[in-house]
S.K.: 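Mind having a look at this structure? Questions to follow.
Only heavy atoms go into these numbers, but all of them, side chains included; no hydrogens, no water, no symmetry mates. Every chain is numbered from 1 and lettered A, B, ... according to where its sequence line falls, protein lines coming before strand lines. Predicted, not measured: the structure shown is a model, and the values here were computed from it.
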Protein chains: 2
Amino acid sequence: MTRKPEPEVVPRPLTPVELELMHIVWRLGEVSVADVLAALPPERALAYTSVSTVLRILEQKGVVESRKQGRGHLYSAVLPRDAYEAQSVRHLVETVFDGTPSALVARLVEAVPLSASEVDQLRELLDAKGRKP
Amino acid sequence: MTRKPEPEVVPRPLTPVELELMHIVWRLGEVSVADVLAALPPERALAYTSVSTVLRILEQKGVVESRKQGRGHLYSAVLPRDAYEAQSVRHLVETVFDGTPSALVARLVEAVPLSASEVDQLRELLDAKGRKP
DNA sequence: GATTTAGAACTAAGCCCTTAGTAGTTTGCG
DNA sequence: CGCAAACTACTAAGGGCTTAGTTCTAAATC
């Protein structure tokens, strides 16, 4: 009935709000609560305390770290965006595509509209990969 | 404070247990609670009532439907696996990769070990895509 | 037809997520 | 120094997820 405390093979994705704030942290580097608040789109009016709470949760999860600065704290990412992207893709391959990466890409090119230039870009990526395995 | 009831642009992913059961439903087609229970790996000993509850939640969400059969119910997928895969990829592109599909693939080929044959497969997918846009 | 049994519905407990208020502390300013 | 503003920690409420027990009903068996 209780959650298994074993370290997860593929870490659990960030929750929607956590991810929303992390995008800001990744973009700005080192941020105060006020910075995050200011960076949110106008229609997304979170309370100061809500942002503060989520940042504290993220710190508790080890996703960001903070250092004291003047009156408040400055938060910065411990988990780089690259790493989270990689983690997310792995998680999706694992849980939805039976661990088969090509199945994901197959579905992607079929289900998501791709511009010609994007297709070209992908081809280049594969060529680079194919030449030095 | 309450969740906005607007229809989501990209539907929320299934929860871990829901997805776990859906894999079984997709594989077996039309299943009873007992079927699902039997299809679970031995180390995954869910109670009958737990499976029943999750299937009922899935039905409530419109992901499966049921018809009465003798003593119990038979559940079958309303949401095909294809569609869910597409939905999941779109969701990931949207929330993690800024809506840029090629960024996802770039991260994939970098972060997930791909066999040479998988790389070839991907190339073929792209060729097929490139020829008829 | 009565009893056993299989299943569904209801319920609940524990946990996490989201949002935010309140209270208390620290800092900067006059 | 004292006050106002900013900031943090604590707390809470509402909702969803996970797991499962209990209870009630319907079906199968004798």
S.K.: Reckon B:K68 has a side-chain N or O less than 4.0 Å from the OP1 or OP2 of D:dA27?
M.R.: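 No.
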S.K.: To the nearest angstrom, how far is B:L74 atom CG from C:dA8 atom C1'?
M.R.: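 Distance check: B:L74 CG to C:dA8 C1' gives 14 Å.
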S.K.: Can a donor-acceptor pair be found between the side chains of B:D35 and B:S32 at a distance below 3.5 Å?
M.R.: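 A donor-acceptor contact under 3.5 Å links the two side chains.
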S.K.: Please state whether the phosphate of C:dT18, meaning OP1 or OP2, lies under 4.0 angstrom from any side-chain nitrogen or oxygen of A:T15.
M.R.: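 For C:dT18, OP1/OP2 do have a side-chain N/O of A:T15 under 4.0 Å.
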S.K.: Could you tell me whether the side chain of A:T53 has a donor or acceptor atom within less than 3.5 Å of a complementary atom in the base of C:dA20?
M.R.: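 Under the 3.5 Å cut-off, the side chain and the base do form a donor-acceptor pair.
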S.K.: Remember a base hit wins even if backbone is also touched, and classify A:S32 as base, sugar-phosphate or nothing at under 4.0 Å, heavy atoms.
M.R.: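 Since no nucleic acid heavy atom lies under 4.0 Å of A:S32, the category is nothing.
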S.K.: So, OP1 or OP2 of C:dT19: does either fall under 4.0 Å of a side-chain N or O from A:R44?
M.R.: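 Indeed, a polar side-chain atom of A:R44 lies that close.
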S.K.: May I ask you to verify if any side-chain N or O of B:R56 is less than 4.0 angstrom from the OP1 or OP2 atom of C:dA8?
M.R.: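 No, B:R56 has no side-chain N/O under 4.0 Å of OP1/OP2 on C:dA8.
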S.K.: Distance from B:K61 atom NZ to B:I57 atom CD1, nearest 0.5 Å?
M.R.: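 If we round to the nearest 0.5 Å, B:K61:NZ and B:I57:CD1 are 7.0 Å apart.
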S.K.: Please answer whether the main-chain N or O of B:V36 pairs with a side-chain N or O of B:Y75 as donor and acceptor at a distance below 3.5 Å.
M.R.: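 Here the side-chain-to-backbone pair does not exist.
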S.K.: Can a side chain N or O of A:R71 be found less than 4.0 Å away from OP1 or OP2 on D:dC7?
M.R.: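 Answer is yes, contact under 4.0 Å.
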S.K.: According to a strict under-4.0 Å criterion, is A:Y48 in side-chain N/O contact with OP1 or OP2 of C:dT19?
M.R.: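 So the side chain of A:Y48 is outside the cut-off, no N or O lying under 4.0 Å from OP1 or OP2 of C:dT19.
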S.K.: Whole Å only: how far is the CE atom of B:M22 from the C1' atom of D:dT18?
M.R.: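 So the CE-C1' distance, B:M22 to D:dT18, works out to 18 Å.
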S.K.: For B:H23 and A:T95, indicate whether the former's side chain and the latter's backbone hold a donor-acceptor pair under 3.5 Å.
M.R.: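 Flag set: sc B:H23 to bb A:T95 pair under 3.5 Å.
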S.K.: Side-chain N or O of A:T49 less than 4.0 angstrom from OP1 or OP2 on C:dA20?
M.R.: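 For C:dA20, neither OP1 nor OP2 has a side-chain N or O of A:T49 closer than 4.0 Å.
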S.K.: So, is B:H73 near the phosphate of C:dA8, with a side-chain N or O under 4.0 Å from OP1 or OP2?
M.R.: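 So the side chain of B:H73 is within the cut-off, an N or O lying under 4.0 Å from OP1 or OP2 of C:dA8.
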S.K.: Nearest-nucleotide wise, let me know which of B:A34 and A:E18 is further upstream toward the 5' end of DNA chain C.
M.R.: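 It is B:A34, whose closest nucleotide lies nearer the 5' terminus.
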S.K.: What integer distance in Å separates A:L55:CG from C:dC17:P?
M.R.: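 Taking CG of A:L55 and P of C:dC17, I get 15 Å after rounding.
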S.K.: What is the distance, rounded to the nearest whole Å, between atom CG of B:L40 and atom P of D:dA20?
M.R.: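 Distance check: B:L40 CG to D:dA20 P gives 11 Å.
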S.K.: What is the separation between atom CD on B:Q69 and atom P on C:dA6, rounded to the nearest whole Å?
M.R.: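 Nearest whole value for this atom pair: 16 Å.
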S.K.: Between B:K61 and B:S50, just flag the one whose closest nucleotide in DNA chain D comes earlier from the 5' side.
M.R.: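 The residue mapped nearer the 5' terminus is B:K61.
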S.K.: Pairs under 3.5 angstrom only: tabulate donor-acceptor contacts from the side chains of residues 40-51 of chain B to other protein residues two or more places apart or in another chain.
M.R.:
{"unit_1": "B:R44", "atom_1": "NE", "unit_2": "B:E20", "atom_2": "OE1", "d": "3.3"}
{"unit_1": "B:R44", "atom_1": "NE", "unit_2": "B:E20", "atom_2": "OE2", "d": "2.8"}
{"unit_1": "B:R44", "atom_1": "NH2", "unit_2": "B:E20", "atom_2": "OE1", "d": "3.0"}

S.K.: Let's see if you can work this out: which of D:dT19, C:dA20, C:dC17 has an atom nearest to the side-chain heavy atoms of A:A47?
M.R.: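 Shortest atom-to-atom distance from the side chain points to C:dA20.
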S.K.: Can you tell me the distance, in whole Å, between the CD1 atom of B:I57 and the P atom of C:dT11?
M.R.: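 Going from B:I57 (CD1) to C:dT11 (P), I get 15 Å.
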S.K.: Quick check: does any side chain N or O of A:R107 sit under 3.5 Å from a backbone N or O of B:Q87, one acting as donor and the other as acceptor?
M.R.: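 Judged by distance alone, no pair lies under 3.5 Å.
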S.K.: For the pair made of OH in B:Y75 and C1' in C:dA9, what is the distance, rounded to whole Å?
M.R.: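 So the two atoms are 10 Å apart, to the nearest Å.
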S.K.: Among C:dT18, C:dA20, D:dA20, which is the nearest nucleotide to the side chain of B:L46?
M.R.: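 Of all the options, the side chain of B:L46 is nearest to D:dA20.
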